[in-house]
Amino acid sequence: MMNKIAYLGPKGTFTEVAAKAVFLNEELVPFSSIPDCMDGVTTGTVDFAVVPIENAIEGSVNLTLDYLIHNQKLMINGEIVVPIEQHLLIHSNHFSTWTEIEKVYSHPHAIAQCHQFLRSMLPNAKFEYMNSTGAAADFVANHPNERIAAIGNHLAAKQYNLEIAQNNIHDYENNHTRFVILRNEKKIIPETSTLYTGDKTTLMVTLPSDYPGALHHVLSAFAWRKLNLSKIESRPMKTGLGNYFFVIDVEMKIDEVLIPGVIAELEALQCQVTMLGSYPCFSLLKKEHEVKVKT
Ligand SMILES: O=C(O)C(=O)Cc1ccccc1
């Protein structure tokens, strides 16, 4: 039976690109927000959800991290990295007068990724934040008489019949985003895809209070085992200033020795440790993928 895959929709989002890269023959179902995608998995409406978690330019998608930490019992079952190219999308009515645009619609990360372009080329335009780049493109297509534009990808231009007024308007070249595949239990996603680049394990750690040097001890538990960390992020526990969750990505698959050893050491330090997942990573970045194939 076909799996149902929730993604941050509507059609034409970067999340759809990510979901399609890994779920080739499954049914993709667009949801209009990140929490809706995640709730879809919890309630059993869908089997997996694909949502953005981190952008190379803008940093973490806090909504995803916080929902993962606070509201849900979801496991990370996979990661997909997608290169991000942003374009200024416009209705054909306004194509030749795009510099007169009064409002730019998009996902907050997409607007942030094009900040310098917007400041220099459309300095008077106001921003309207939408749930996704696809939703922004849909809105612009449905308001042909307004002097508005969306920021999104070429698939959104095609999907909503918009023109690309300016292409590649993102400020930095290495703009890519990590998406996570979520499910409420561990289900192995085959690593056979040619996009497979390796494995990661994500741990959520809370430090004991009033323990000087606690974070140093946490990091040394990884360091002396020579475990490579690819990310460490702190998010507020929402219980008051100064209390944080640390979300730590380790560049290896869960094993029987090293990761259980780290967890036991952290627990001995009175940290609380939860494993958010141990999962295969996939990438649509050409260079990384080519290097992997050569080795
Ligand atoms: O809005 C989208 O298309 C998304 O998938 C979220 C997002 C927004 C900006 C950059 C990368 C992903």
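Because only heavy atoms are used, hydrogens play no part in the values below, and waters and symmetry mates are left out as well, while side chains stay in. Note that the numbering runs from 1 along the sequence shown for the chain. Bear in mind the structure is a predicted one, so any value in this text is a computation, not a measurement. Order of listing sets the numbers, starting from 1, for every ligand and every atom in it.
- Counting only residues at least two apart or on different chains, the salt bridge (Lys or Arg N to Asp or Glu O under 4.0 Å) pairs with a member in residues 261-282 are R225-E265.
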Check: every ligand 1 N/O to protein N/O pair under 3.5 Å:
unit_1   : atom_1 : unit_2 : atom_2 : d
ligand 1 : 1 (O)  : T133   : N      : 2.7
ligand 1 : 1 (O)  : T133   : OG1    : 3.4
ligand 1 : 3 (O)  : F14    : N      : 2.9
ligand 1 : 3 (O)  : T133   : OG1    : 2.5
ligand 1 : 5 (O)  : F14    : N      : 3.4
ligand 1 : 5 (O)  : T15    : N      : 3.0
ligand 1 : 5 (O)  : T15    : OG1    : 2.5

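- Electrostatic pairing of K103 and E146 does not count as a salt bridge here, judged by no charged N lying under 4.0 Å from a carboxylate O.
- Between S278 and D199 the shortest side-chain heavy-atom distance does not fall below 4.5 Å.
- Considering D249, N55, T64 in turn, D249 is the only one that fulfils the side chain to side chain donor-acceptor pair (under 3.5 Å) rule with R178.
- Partners of F31 by ring pair (Phe, Tyr, Trp, His ring centres under 6.0 Å), not counting sequence neighbours: none found.
- A search for ring pair (Phe, Tyr, Trp, His ring centres under 6.0 Å) contacts involving H87 returns nothing, not counting sequence neighbours.
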